Number of protein chains: 2
Amino acid sequence: MGFKKRRVKLEDIARKLNVSIATVSRALDENPRVKPSTREKVFNTAKSMGYMPNQIAKSLSSGKTNIIGVLIPRYDEPFFIEVCRGIDQYARNHNYKILISSSRNSYQFEKENLISFERGLVDGIILSPTHETENVAHLNDLINKGMPMVLFDNIREQVSGADHVIIDDKRASFKAVEFLIKKGKKKIAFIGGIKEKKVFQDRYKGFIAALTKYNIPIHKELILHCNSLHREFEDKEILDFFRHLSITPDAVFACTDNYGLLTMKTLLKTGKKIPEEVAVIGFGDLGLGEVFVPTLTCVSQPSFEMGQKAAELLINQLNEPDEMDHKKTIVRLETRLTEREST
Amino acid sequence: MGFKKRRVKLEDIARKLNVSIATVSRALDENPRVKPSTREKVFNTAKSMGYMPNQIAKSLSSGKTNIIGVLIPRYDEPFFIEVCRGIDQYARNHNYKILISSSRNSYQFEKENLISFERGLVDGIILSPTHETENVAHLNDLINKGMPMVLFDNIREQVSGADHVIIDDKRASFKAVEFLIKKGKKKIAFIGGIKEKKVFQDRYKGFIAALTKYNIPIHKELILHCNSLHREFEDKEILDFFRHLSITPDAVFACTDNYGLLTMKTLLKTGKKIPEEVAVIGFGDLGLGEVFVPTLTCVSQPSFEMGQKAAELLINQLNEPDEMDHKKTIVRLETRLTEREST
DNA sequence: AAAAAAAATACAAACGTTTGTATTATTGTT
DNA sequence: AACAATAATACAAACGTTTGTATTTTTTTT
């Protein structure tokens with residue numbers, strides 16, 4: 001006690017048993033080339049000496065770290081955490097660990113993080129590009145260097161060497177808005193997110209498509225594209241929006257759960273009745289909507305499954321014998337509308 | 001294109017410039033032992049060849065990975081995510097990355113995760129033990145093997161070699177309950193969490209202490225220790241609790257934000273007015289409380305700062321020349337009561 | 001211009017594994 | 001009992017760095 005013990009290594013076991021390091025290594029691997037009785041001895045000695053393999057040395061030797069790098073735009077978004085949980089679960093079941101980084105919604109940080117991944121710490125990368133990511137050269141470069149990659153959420157179709165996991169945002173929002181229309185709603189407001197994100201563009205398209213199909217006039221005034229990248233500001237932005245409206249909407253389609261909740265909160269404050277006077281639909285369905293009063297109707301997005309699927313695709317790539325004949329696959333997961341009290 | 005490029009290594013640069021590997025290594029390190037003009041050449045060649053250092057080889061050679069292992073009981077708890085953000089921020093500023101794992105509230109998984117950390121992948125560990133963690137031998141063992149460790153949240157005082165980061169839970173809840181008492185509340189309900197967690201024990205103690213100090217009778221019936229480990233069940237547990245009450249509380253002190261929200265939701269459903277008839281206080285203050293109507297008064301816990309502090313303590317340990325004369329430090333962070341509409 | 005001092009670089013071992021090939025020990029065959 | 005075939009093990013290189021020591025080159029001193 002009191003001294004830091006030097007780590008036990010293969011050599012120590014080998015010396016004690018008067019065998020070679022190679023034999024010890026193979027014994028612990030249960031390689032049939034070593035005699036059962038020797039393996040036995042090695043196992044016992046390893047245990048009694050408290051041997052713990054050195055992962056770094058293994059990685060250097062094998063060229064694999066069994067770590068998946070995950071890069072998300074922000075931590076404080078339950079959607080991303082949920083995706084990470086999905087990745088983590090699938091990865092662990094396949095003997096991989098995950099290393100999560102946040103690009104903090106910045107293209108610059110995204111590049112820096114990828115560079116750090118490129119230093120050989122990870123075997124592959126799962127990534128949701130930031131909204132700022134216009135130029136995807138850094139992604140294509142990395143892929144060309146042989147780094148397996150899977151994109152999800154805010155994908156970039158120009159990245160041709162990576163698999164993609166997405167939902168059909170346009171269709172999902174079309175369905176949601178159609179649902180409102182069928183409830184007799186005619187003045188439907190749209191609360192979207194940053195215009196640069198593909199998911200928000202698509203949700204907007206779905207919204208417009210639904211109104212168009214049912215010949216409902218589109219009021220520019222009822223459309224908001226939130227620009228806030230942080231929770232504190234979203235609040236204010238939405239409050240301002242509703243405060244300055246001259247038309248009163250009878251429904252709101254919000255592109256995230258949080259926007260939906262903030263919308264309900266604002267409406268409740270101004271004395272509106274939900275859903276009688278105004279119906280509200282959110283997007284995501286990550287638990288928050290169930291807590292609020294009234295509970296929030298949501299487009300349920302399979303976040304956890306997106307993570308699992310992304311991990312599955314990546315690990316498949318890692319197991320491909322020749323990474324060069326990888327064929328890009330795009331997985332589109334199903335959403336469904338979860339009706340609650342707000343509609 | 002089309003072929004996976006072999007990674008450029010020091011040797012390739014050395015060969016091209018007709019110098020030794022050692023010189024290249026030192027040049028890139030800006031070691032003064034190499035002539036400025038040589039360093040220049042090395043830098044340029046490295047850049048033009050697209051050299052990217054191999055982190056694994058570095059780690060093997062240096063014995064440091066610059067990775068901090070973080071083990072939390074669950075992902076779907078904003079508190080832990082927030083702590084991780086804090087750790088991440090401090091760590092990145094000091095050139096460390098973090099590897100997050102979840103013990104999924106299981107002692108067994110906690111041990112397994114620590115074993116995987118022990119394989120040399122991380123330089124140190126930041127950990128919130130699970131509620132099941134009674135026996136802390138695995139922690140002390142790891143520390144004795146020389147693994148720096150910091151505990152936070154659900155700490156175990158028996159772990160003598162690790163630094164601790166906590167808040168004064170007892171005092172915080174005492175203050176919160178005292179606040180309710182001073183508002184004239186006399187029938188205060190307590191919604192706690194799993195009894196095994198030290199934080200919940202302490203919050204309970206604070207609750208009792210406040211009632212005792214002000215001579216308020218303690219109604220066993222108004223006390224609930226939630227046992228649920230997953231969101232879906234908490235909901236039901238709290239609903240049941242309030243449904244079967246024979247005394248009507250005039251205030252509720254809830255040990256988490258989520259309990260507070262669920263409480264408000266339940267009360268609102270049964271037609272209670274908040275805060276007029278029942279006041280509610282939550283614990284944590286991680287954003288949810290601000291969204292709800294009415295907004296939730298909370299004990300604000302400095303989660304992000306806890307993470308930063310934990311990272312700071314760990315990195316200090318890592319920089320100690322002799323880890324054996326490490327003196328255990330306990331950091332107790334301040335909380336404050338954030339008044340909102342629910343009181 | 002030779003010797004000494006200083007600067008720049010090269011050599012080689014080390015970090016702890018894995019793995020292909022060579023060697024030795026054991027078994028089976030006649 | 002000698003030999004071949006097989007089983008078991010040992011040797012050594014490789015993974016890509018870092019770093020202490022040795023060597024070479026350059027500069028300074030006289």
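This structure is a prediction, so every number in the text was calculated from the model and none was measured. Reminder, nothing fancy here: chain letters follow the sequence lines and each chain counts from 1.
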Checklist line | Per B/Ile21 side chain, nearest of listed nucleotides D/dT18, C/dT17, D/dG16 | finding: D/dT18
Notebook entry, point to check: Looking just at side-chain N and O atoms, do B/Thr329 and B/Asp163 make a donor-acceptor pair shorter than 3.5 Å?
Noted result: yes
Next item on the list: Respond yes when some side-chain nitrogen or oxygen of A/Ser61 is under 4.0 Å from OP1 or OP2 of C/dT17, and no when none is.
Entry: no
Next item on the list: Map A/Tyr51 and B/Ala22 onto DNA chain C by nearest heavy atom, then report which one ends up closer to the 5' terminus.
Entry: B/Ala22
Item checked: Presence of donor-acceptor pair under 3.5 Å, side chain of A/Thr23 and base of D/dT9 -> no
Checklist line | Pair B/Asp12 + B/Lys16: basic N to acidic O under 4.0 Å | finding: no
Item checked: Closest to the B/Lys35 side chain, choosing from D/dA10, C/dT9, D/dT9 -> C/dT9
Margin query: Tell me the interatomic distance from A/Arg6, atom CZ, to C/dC15, atom P, rounded to whole angstroms.
Written below: 8 Å
Margin query: What is the distance, to the nearest angstrom, from the CG atom on B/Asn54 to the C1' atom on C/dT17?
Written below: 14 Å
Margin query: If you compare every side-chain N and O of A/Ser25 against the phosphate oxygens of C/dT18 (OP1, OP2), does one of them come in below 4.0 Å?
Written below: yes
Notebook entry, point to check: For the side chain of A/Arg26, counting heavy atoms from C-beta on, which of D/dT18, D/dA10, D/dT21 is nearest?
Noted result: D/dA10
Check: In whole angstrom, what separates B/Glu118's CD from C/dG16's P?
Finding: 15 Å
Checklist line | Between C1' of D/dT19 and NZ of B/Lys58, the distance in whole Å | finding: 14 Å
Check: Can you tell me how far P of C/dA8 sits from CG of B/Asp29, to the nearest Å?
Finding: 17 Å
Note to self: Taking pairing as Watson-Crick or G-U wobble with both contacts under 3.5 Å, can you name the mate of D/dA7, or confirm there isn't one?
What the structure shows: C/dT24
Item checked: d(CG, A/Asn18; C1', D/dA10) in whole Å -> 12 Å
Note to self: Test side-chain hydrogen bond (donor to acceptor under 3.5 Å, both in side chains) on B/Ser303 and B/Arg85; report intermediate values, then the result.
What the structure shows: CA-CA 9 Å; B/Ser303 325; B/Arg85 273 189 56 219; over 6 Å; no
Next item on the list: Indicate the ring-plane relationship of B/Phe152 and B/Phe79, choosing parallel, tilted or perpendicular according to the 30° and 60° boundaries.
Entry: tilted
Item checked: Atom pair distance, as rounded to whole Å: NZ in B/Lys9 and P in D/dT18 -> 14 Å
Margin query: In this structure, how many angstroms lie between the C1' atom of D/dG16 and the CD atom of B/Gln55, rounded?
Written below: 12 Å
Note to self: Below the 4.0 Å mark, does D/dT9 have OP1 or OP2 next to a side-chain nitrogen or oxygen of A/Thr38?
What the structure shows: yes
Check: Between D/dA8, C/dA10, C/dG16, which one does the side chain of A/Leu60 approach most closely?
Finding: C/dG16
Next item on the list: Look at the side chain of A/Arg33 and the base of C/dT18, then say whether one donor and one acceptor between them are separated by less than 3.5 Å.
Entry: no
